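Since this is a predicted model, take the numbers as computed values, not measurements.
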Amino acid sequence: QVQLVESGGGLVQAGGSLRLSCAASGRTYTMGWFRQAPGKEREFVAAINWSGGSTFYADSVKGRFTISRDNAKNTVYLQMNSLKPEDTASYYCAGRSRLHYTNTPYRDLATYDYWGQGTQVTVSS
């Protein structure tokens with residue numbers, strides 16, 4: 001079993017930046033970031049394939065957030081720029097334990113096997 005631990009959350013003013021980190025205890029394949037605000041469903045933010053060569057973003061964060069990974073460190077990052085109050089949420093790191101078929105939906109929470117406990121991001125206006 002792979003354990004995921006997020007870090008880097010905090011309070012930031014609108015327009016500011018944060019970088020989230022997710023440290024994995026073992027190898028993972030596709031990695032994703034999801035977020036959940038109070039009273040809302042957990043939603044997809046970004047994903048990156050095993051090599052880091054392909055990335056995917058929700059429309060709401062495209063152009064502002066960048067996902068990356070360092071497989072030598074078993075770590076995935078989410079660089080968040082131009083933050084908005086609507087980005088306020090608990091951010092969760094997720095990972096897959098194996099390769100999936102091409103076109104397996106990376107936005108689907110059910111396709112991920114490992115989840116972190118979350119890190120809070122709060123953006124003030």
Side-chain angles (χ1 to χ4, degrees):
Q1 293 291 321
V2 172
Q3 312 299 317
L4 304 179
V5 180
E6 304 98 332
S7 62
L11 175 65
V12 65
Q13 293 183 336
S17 299
L18 284 173
R19 190 179 78 156
L20 306 183
S21 298
C22 174
S25 64
R27 183 179 182 180
T28 59
Y29 292 85
T30 293
M31 297 289 293
W33 286 97
F34 295 77
R35 66 187 183 187
Q36 187 169 21
K40 295 185 177 181
E41 298 295 319
R42 192 168 298 186
E43 66 176 359
F44 169 78
V45 176
I48 187 167
N49 78 333
W50 70 272
S51 69
S54 297
T55 58
F56 310 90
Y57 298 94
D59 289 342
S60 59
V61 306
K62 196 171 298 181
R64 299 188 297 120
F65 291 10
T66 302
I67 188 171
S68 61
R69 68 190 299 165
D70 184 342
N71 286 341
K73 298 180 179 179
N74 287 333
T75 301
V76 63
Y77 306 95
L78 185 68
Q79 179 66 47
M80 305 186 294
N81 298 326
S82 301
L83 283 162
K84 304 174 181 179
E86 50 262 46
D87 295 318
T88 295
S90 292
Y91 283 71
Y92 297 87
C93 178
R96 289 173 176 170
S97 64
R98 59 182 174 86
L99 293 171
H100 283 237
Y101 287 104
T102 299
N103 295 325
T104 296
Y106 47 84
R107 294 178 173 84
D108 187 353
L109 282 70
T111 67
Y112 293 84
D113 304 293
Y114 309 120
W115 290 86
Q117 294 301 304
T119 185
Q120 178 67 35
V121 172
T122 302
V123 184
S124 62
S125 60

**Message:** Please determine whether side chain to side chain donor-acceptor pair (under 3.5 Å) holds for the pair S90 and Q120, giving the CA-CA distance in whole Å, both sets of side-chain angles, and the decisive distance to 0.1 Å.
**Reply:** CA-CA 4 Å; S90 292; Q120 178 67 35; 2.9 Å; yes
**Asked** Can you say whether the rings of F34 and Y112 are parallel (under 30°), tilted (30 to 60°) or perpendicular (over 60°)?
**Response** perpendicular
**Message:** Parallel, tilted or perpendicular, judged at 30° and 60°: which one describes the rings of Y106 and F44?
**Reply:** tilted
Determine whether a donor-acceptor pair (N or O, by modelled atom type, separation under 3.5 Å) exists between the side chain of [X] and the backbone of [Y].
X: N49; Y: T55; value: no
X: T88; Y: T122; value: no
X: Q79; Y: F65; value: no

**Message:** One pair to check against side chain to side chain donor-acceptor pair (under 3.5 Å): R96 and T111. What are the steps and the verdict?
**Reply:** CA-CA 7 Å; R96 289 173 176 170; T111 67; 2.8 Å; yes
**Asked** Does NZ or CZ of R42 come closer than 6.0 Å to the centre of the six-membered ring of W115, within 45° of the ring's axis?
**Response**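 Yes; both conditions hold, so R42 lies above the ring face of W115.
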**Prompt:** Does a side-chain N-to-carboxylate-O contact under 4.0 Å join D113 and R98?
**Reply:**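 The answer is no: the pair does not qualify as a salt bridge.
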**Asked** Under a 4.0 Å N-O cut-off, is there an ion pair linking D59 with K62?
**Response** yes
**Request:** Could you tell me which residues satisfy ring-ring contact (aromatic ring centres under 6.0 Å, His included) with Y91, sequence neighbours excluded, listed by chain and number?
**Result:**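 Not a single residue meets the ring-ring contact (aromatic ring centres under 6.0 Å, His included) criterion with Y91.
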**Residue list, salt bridge (charged side-chain N to carboxylate O under 4.0 Å, His left out) with E43, at least two apart or on another chain** = R35
**Request:** Please round to the nearest 0.5 Å and tell me the distance separating atom CE of M31 and atom CG of N74.
**Result:** 9.0 Å
**Prompt:** Does a sphere of radius 6.0 Å around CD in Q117 hold more than 12 heavy atoms from other residues, nucleotides or ligands, not counting ones at 6.0 Å or beyond?
**Reply:**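 Check fails, neighbour count at 12 or below.
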**Request:** For side chain to side chain contact (heavy atoms under 4.5 Å, CB included), just list the numbers for S97 and Y114, CA-CA rounded to whole Å, side-chain angles, deciding distance to a tenth of an Å, and then say yes or no.
**Result:** CA-CA 8 Å; S97 64; Y114 309 120; 3.4 Å; yes
